[in-house]
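A note on names: the letters A, B, ... follow the listed sequences, proteins ahead of strands, and every chain is numbered from 1. Not measured: the values here are computed from a predicted model.
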Amino acid sequence: MVRQNKKILEILDSVRSEKRFELTEIESKSILNFVSVPIIDTRLADDAEAAVRFASAFEYPVVLKIASPDILHKFDAKGVATNLTNEEEVEKSFKELLRNAKKYNAHARIWGVTVQKHIPRGIEVIVGAVRDPIFGPAVMFGMGGIWIELMKDVSFRLAPTTKESALEMISEIQGYPLLQRFRGGEHVNLEVIAEIIVKISKLISTYPEISEIDVNPIFARADDAIAVDARIVLRHD
Amino acid sequence: MTGKLKSTKTTKLSKAKQNVRAIFEPRSITLIGSSKIVEEVGMTSPKLFADVAYNLQTYFEGRVNIFDIETRSTLGKSDLTILALPPQKSLNWAGKAMNTGTKAIIQLTGGFDAAQRAKYFKLALKHHVRVLGPNTIMGIINTRVGLNTTFERNLMPPVGNISVISQSGGVGATLLDWASYYDIGVSKFVFMGDKVDIDDENVLEYLASDPKTRVIAMYIEGIKNGRKFVELSRKITARKPIVVLKGGITQESAQRALSHTASVAGSDEIFNAAFKDAGIIRVGDIEDLFTASVALASQPPMRGKNVCIVSNVGGPAILAADEVAKAELELAHLSEETKQKVQKAYPGIDLINPIDLIADARADRYRNVLKLVLEDSQVDGVMVINMLKSCFFEPEDAKVIPEVASRYDKPVVDVPVGGEDFIKVANVLKGTGMPTYNLPSKAALALRILYEYGRRQC
């Protein structure tokens, strides 16, 4: 735990020394990995050749996503390519994602493209955290993917929270029945999601320099849950 | 050395708490005002002075001293000093009152600038005197000792167990008017004002330890120290319910959102989370604040979701069943034993919940069926419906409801649906501790809140 703490502080320090407030996807995922949030292994490729190399190491199919601190909504920017099954598709998608990103925002800083394994989708949920000026850190759970934007189907608790409260948060959202009746009676593993909520609530409570966390989407499945994307933002003051 | 230091600190602390008590439970009061000064803009006026003096002299059980600075000069000692003068004059007289050994001050009038407020606070700290206000305008009410520092003549709610804290003078006045008009039993009433010294937490602590307060109802617009408020409230709600109405729910969080989470984390969502963590019951409007408070002040918490409806009419009972479902409660399934007992006593009564006692039901039938239903372990709470029109039921018959209910540790609420029928039955039940509602939606909300508080206490 002490070692993990040291590694997290190293990442936070290096981000601040570069006068950045937003962590890259890779940095965000590393931190989540250190606090044992199940997260998909992801690499940053700065050219198509590297992307192909990572893709074959992960085994096909893979997912490519644009890596830019200026693009929050990757889908809107056509910055995601899923279910790529061979070298040619990876090479082609790499170039396409860069083109799309430039078209979406000509001034966007582009760090490259991330590569990760394409995994079977589960129900998409989000776990997040913010720092409120009056009440301090708070943790959020909701239906993820596009649902967070459209429906705002979320629940909050002050952080850190307990597993008991986390389970209550899950049961409070409108989409709760979807989590209970997933694929013909099978329900998603709510315990695992509750544990992620608790871990994220502890993360923002432990590191006062963090102001916002998005773990979105998390694929919630019958046996487990795995986070596919993440974003951590630091305080400006 | 350290031991001595520690004990001095403890006495100072408890003295500070003692002096908060003096705001609510003084044995003697001095009201300082002027029969001449009229502020250009502000509340100081001979009229306000006279009206507050009237209420103090009319209601207060202890010694009241009305001190007009235009005619008198030597200030005597009293537990509580009430000030209704412009800022500078108030400060001067506050200093004099503190020198005579007053324990607490209610600064009714406002208009103090930042420097004057700081000076007031420093003075209070130095003398260990607690100050409510400035700009509380209406001050406080303690119905049990007849303490009423408001300038609304003869506005006095009945004695009860609900204590109200308002961060707004206007909303507070509305709540006071509401409670007085609808005969809602009040213990203490506090208008917080500008909080130069006594803050929400101080008042909450006092009310938490006050045996005459069973429910704390609050109108909140903002909170200074969120975590402190949550910690304190969590401790209180384990023993005593807090119901909150929060104003300003459309205010968005000021922070720039770089994440999905921050973009949906408005200040209201976080307030909601904080209230949940604190075990605070949140309501949506003024009427619901009292609906909830009255139920919590008079009925035991509900230990499960199963509600039984006992009615003398069919249609209104069906509407009531709908409201029970909307409140996310359930209709209880009576046990076979209960069904058989009711059937034996009253053949022909349909025992599918809601139970229709038929339009000729009078006190006896209500009494006997209510007893059987409340004894059933599959029933957690009861909603009684008793219409007068189109039925044989007489207002006096309603007396059996609190009589039976008081023997069981389960909540019972009464709905004499309608207008005149409601007033007639409510008048009969006044002072019995039986909450009456003119609509089943309000009764369902009351039961829902009793259920939520029951869960909090588990």
Worksheet entry | Ionic contact status for B:K276 with A:E168, cut-off 4.0 Å |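 B:K276 and A:E168: not salt-bridged.
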
Around atom [atom1] of [X], are there more than 12 heavy atoms from other residues, nucleotides or ligands closer than 6.0 Å?
| X | atom1 | result |
| --- | --- | --- |
| A:E18 | CD | yes |
| A:K202 | NZ | no |
| A:K163 | NZ | yes |
| A:Q174 | CD | no |

Nearest 0.5 Å, please: how far is [atom2] in [Y] from [atom1] in [X]?
| X | Y | atom1 | atom2 | answer |
| --- | --- | --- | --- | --- |
| A:I232 | B:L258 | CD1 | CG | 13.0 Å |
| A:F156 | B:D268 | CZ | CG | 11.0 Å |
| A:E22 | B:S259 | CD | OG | 10.0 Å |

Discussion item. Taking 4.5 Å as the heavy-atom cut-off, does anything in residues 318-331 of chain B contact chain A, and if so which residues?
Written reply: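 Answer by number: none.
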
Practice prompt. Anything in residues 283-293 of chain B with a heavy-atom distance to chain A below 4.5 Å? Please list those residues in order.
Written response: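 Residues in range: none.
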
Worksheet item: Do A:K152 and B:E269 have side chains that get closer than 4.5 Å, going by heavy atoms?
Response: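 Counting from C-beta outward, A:K152 and B:E269 never come under 4.5 Å.
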
Worksheet item: Are B:I270 and A:I134 close enough that some pair of their side-chain heavy atoms sits under 4.5 Å apart?
Response: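 They are not in contact (no side-chain heavy atoms under 4.5 Å apart), so the answer is no.
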
Discussion item. Using every non-hydrogen atom in the two residues, find where A:V130 and B:A265 come nearest and quote the distance to one decimal.
Written reply: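 Reported closest heavy-atom pair: CG2-CB, 3.9 Å.
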
Worksheet entry | Nearest heavy-atom neighbours spanning B:R227 and A:G136 |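 The answer is NH2-C, 4.0 Å.
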
Item to complete: Apply the test side-chain contact (heavy atoms from CB on, under 4.5 Å) to residues B:D277 and A:R157: give CA-CA distance (whole Å), side-chain angles for both, the deciding distance (0.1 Å), then the verdict.
Response: CA-CA 7 Å; B:D277 277 322; A:R157 285 293 184 284; 3.5 Å; yes

Worksheet entry | Ring center gap for A:F135 and B:F271 short of 6.0 angstrom |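 When the ring centroids of A:F135 and B:F271 are compared, they turn out to be within the sub-6.0 Å range.
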
Fill in: Portion of B:V264 that has a non-hydrogen atom of chain A nearer than 4.5 angstrom
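Looking at B:V264, backbone and side chain both touch chain A.
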
Measure distances from [X] to the heavy atoms of chain B and classify the residue's part below 4.5 Å as side chain, backbone, both or neither.
| X | result |
| --- | --- |
| A:P69 | neither |
| A:A159 | backbone |
| A:I213 | backbone |
| A:R231 | side chain |

